[in-house]
There are 2 protein chains.
Amino acid sequence: MRADARENRARVLAVARELFAQRGLDVPMATIARRAGVGVATLYRRFPTKEALVVEAFTEQFALCQAAIDEALIDPDPWRGFCTVIEKVCVLQASDRGFTAAFVASFPDLHTEVRDRTWHGFAALVQRAKDSGSLRADFSPHDLTLVLMANGGLASAPVEVAVAASQRLVAYLLEAFRSGTDQLPPAVPLSLDLVLR
Amino acid sequence: MRADARENRARVLAVARELFAQRGLDVPMATIARRAGVGVATLYRRFPTKEALVVEAFTEQFALCQAAIDEALIDPDPWRGFCTVIEKVCVLQASDRGFTAAFVASFPDLHTEVRDRTWHGFAALVQRAKDSGSLRADFSPHDLTLVLMANGGLASAPVEVAVAASQRLVAYLLEAFRSGTDQLPPAVPLSLDLVLR
DNA sequence: CGCCAAGTGGACGGTGCTCTCCACTTACGA
DNA sequence: TCGTAAGTGGAGAGCACCGTCCACTTGGCG
């Protein structure tokens, strides 16, 4: 690959990440191209479709999620590990407007590879937290999806507001996850497949 | 207005309500027209713009929200009143895919008239619940918006799933609203203006 | 230095949407 | 029954977007 081409590709990706974060996924490809100082054709040569660009632009964030889980599994305090994961992922989601959309948009592709690993990691985290007595027994791993979807609902607000709101929401939820005095409606098996439509 | 015209108008409105609930607000006007057995022109004659149709289609639901608050203010048990409002509104929102979008889409029009009334009603409800000692003191009326936005995030799932998920989410949140042992991040003044973009 | 594959940009086709225009039809008062 | 204003449907204007095509430019190897 020629040097100038590689540079252009990198610039496109950077611009895409920025615009997706600020304005969500419905930024026109032409806008991204213009802001990156290239023509649309260049953009499409590197990323055959918009979805491809989206996926590539967000793989970094997905890796961060995975890393958060891995790290939490090492934390000697199971409850703190559990909380940290939820807090980290929610901040990530709230501070990047395209995150949720990218997540579902790319799900058919991530397929079982990354997905199952993340899921099992989180399930383990949940079990550890339950065993230590800090997480309520009727918490379901599916509740992670519940949290993600709920938190995603904040994305329509401007970023700083969304982050602040997300922090308060997460604080409320974590408190509810810990105490566990009341009877809950049954857990809903929200595999993200469902969400994907 | 001629009899046949009135009938057509009603049919359009019914179809619109149904389709918006099932599929969200991005149903094409042509689809609504076809399903109602009329041409697009007829539709546009009655509702000069798509937004007008949306607003008209959802005024019923808005009234239901208002009624829920009024009713709750009469409830002798302040905490039960508070819970009922949140539960009712959230179910409404989760079972109708277009609800949230319609809510924000029509906000500039509802303007101060309905809006302030709803807001003051809810604030009163909150105060009552706090005074009775059942609602945590650091709960903010702005947290209603927080709940609405979070609950709105569930709307991308199929309706029955969304309702079930919403019920569990609300149960978690209400528990957190009641107990109130932990320190919270500050409330975020999420006036819906902000959400509107 | 010169060649050419790799790279480029902008015009353009295709699609799907909202809303308008206008020639035609129909309810209904007189 | 008949005239007419109210009502109607469908074609299409206008717009925004995704993705393609092709004549042109340029980096960098030999």
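For clarity, every value in this text was computed on a predicted model and none was experimentally measured. Both backbone and side-chain heavy atoms feed into the values below; hydrogens, waters and symmetry mates do not.
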(request) Check the distance between C/dT20's C1' and B/M29's CE and give it to me in whole angstrom. (result) 13 Å

(message) Can you tell me how the ring of A/F122 sits relative to the ring of A/W119, calling it parallel under 30°, perpendicular over 60° and tilted otherwise?
(response) tilted

(request) For A/R46, report the nucleic acid contact type (base, sugar-phosphate, nothing); a contact means any heavy atom under 4.0 Å. (result) sugar-phosphate

(message) Categorize A/V40 for me: base, sugar-phosphate, or nothing, with a 4.0 angstrom heavy-atom threshold over every strand shown.
(response) base

(message) Return whichever of B/M1 or B/A30 has its heavy-atom-nearest nucleotide of DNA chain C closer to the 5' end.
(response) B/A30

(request) Report the residue (B/P28 or B/R2) whose heavy-atom-nearest nucleotide on DNA chain C is the more 5′ of the two. (result) B/P28

(message) Using the side-chain heavy atoms of A/Y44, tell me which of these nucleotides is nearest: C/dT18, D/dG19, D/dG7.
(response) D/dG19

(request) Using whole Å, report how far CG of A/L43 lies from P of C/dG10. (result) 13 Å

(request) Would you kindly give the CZ-to-P distance between B/F47 and C/dT20, to the nearest whole Å? (result) 15 Å

(request) Using whole Å, report how far CD1 of A/I32 lies from P of D/dG19. (result) 11 Å

(message) Need to verify one output field. Residue with the more 5' nearest nucleotide on DNA chain D, A/A41 or B/A41?
(response) B/A41

(message) On the nucleotide D/dT8, are OP1 or OP2 found under 4.0 Å from the side-chain N or O atoms that B/N8 carries?
(response) yes

(request) Write down the distance between CD (B/E7) and C1' (C/dC28), rounded to a whole number of angstrom. (result) 16 Å

(message) Within the 4.0 Å heavy-atom criterion, would you say A/D26 contacts the bases, only the backbone, or no part of the nucleic acid?
(response) nothing

(request) To the nearest Å, give me how far apart CZ (B/R45) and P (D/dG10) are. (result) 16 Å

(request) For the residue pair A/L154 and B/L146, establish whether any side-chain heavy-atom pair is separated by less than 4.5 Å. (result) yes

(message) From CZ of B/R11 over to P of D/dG7, roughly how many Å is that when rounded to an integer?
(response) 15 Å

(message) Quick check on D/dC18: is either OP1 or OP2 less than 4.0 Å from any side-chain nitrogen or oxygen of A/T49?
(response) no

(request) Would you indicate what A/A33 reaches in the nucleic acid, counting non-hydrogen atoms under 4.0 angstrom: base, sugar-phosphate, or nothing? (result) nothing

(request) On the 0 to 90° scale, with breaks at 30° and 60°, tag the B/F177-B/F139 ring pair as parallel, tilted or perpendicular. (result) perpendicular

(message) For A/K50 and B/T42, find the nucleotide of DNA chain D closest to each by heavy atoms; which residue's nucleotide sits nearer the 5' end?
(response) B/T42

(message) Apply side chain to side chain contact (heavy atoms under 4.5 Å, CB included) to residues B/R35 and B/I32 and explain how you reach the verdict.
(response) CA-CA 5 Å; B/R35 273 275 268 275; B/I32 298 176; 6.0 Å; no

(request) Using a strict 4.0 Å threshold on nitrogen-to-oxygen distance, state whether B/R117 and B/D70 make a salt bridge. (result) yes

